[in-house]
Amino acid sequence: MRHLFLLVLAVTLLISPLALRAEMALLMAEEDGCMWCARWDSEISGIYPKTQEGVAAPLQRVDIHESLPDGITLERPLYYTPTFVLLDNGHEVGRIEGYPGEDFFWGLLGVMLRDAGVQVETSG
């Protein structure tokens, strides 16, 4: 019985941090023909899911001309592509409008995550 309790406790401790991180997401609003979206794709998209930032806030892409998925609440409309919106339980907690280049992107994303209470070592 004691071993079963310890096993359940260990599994719970392993899963709990993943469940907490699942609340965060990074919404990327894009559109066909956006050269800055293409530049972000070539410089960042391949490595993003492998970074601490990508694990803490998985990427969710949306077309800026389409309706937002259910459960997402933004502070203001999306006007520019790309726009990156940090979501906590579907609510906007930070935004980067445009793609300022790889170095600035990682720094700005790190500040947004920190301000949202997520501690990561920045990848950039």
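Every value quoted in this text rests on a predicted model; they were computed, and no experiment measured them.
Contact check on Glu30 versus Arg61 returns a salt bridge, with a Lys/Arg side-chain nitrogen under 4.0 Å from an Asp/Glu carboxylate oxygen.
Within the structure, ring pair (Phe, Tyr, Trp, His ring centres under 6.0 Å) pairs that include any residue of residues 57-80 do not occur (at least two apart or interchain).
Rounded to the nearest 0.5 angstrom, Met24 CE and Glu53 CD are separated by 12.0 Å. Here the straight-line distance linking atom CD1 of Ile72 with atom OG of Ser67 works out to 11.0 Å at 0.5 Å rounding. For the atom pair Met28 CE and Cys37 SG, the distance stands at 4.5 Å (nearest 0.5 Å). Note that CG of Leu113 and CG of Leu86 are 5.5 Å apart. Values are rounded to the nearest 0.5 Å. With values rounded to the nearest 0.5 angstrom, Arg95 atom CZ is found 9.0 Å from Leu27 atom CG.
Between Trp40 and Phe84, the ring-plane angle classifies as tilted under the 30° and 60° cut-offs.
Taken together through direct or relayed side-chain contacts under 4.5 Å among Ile, Leu, Val, Met, Phe, Trp and Tyr, Val85 and Val118 form parts of separate hydrophobic clusters.
Looking at residues two or more places apart in sequence or on another chain, you find no side chain to side chain donor-acceptor pair (under 3.5 Å) involving Gln60. With sequence neighbours excluded, no residue forms a side chain to side chain donor-acceptor pair (under 3.5 Å) with His91.
Nearest heavy-atom pair, Ala56 versus Val120, reported as atom, atom and distance to 0.1 Å: CB-CG1, 4.1 Å. When all heavy atoms of Tyr48 and Pro58 are compared, the closest pair comes out as CE2-C, 4.4 Å. Nearest heavy atom pair, residue Ile96 against residue Pro100, reads CG2-CD, 4.3 Å.
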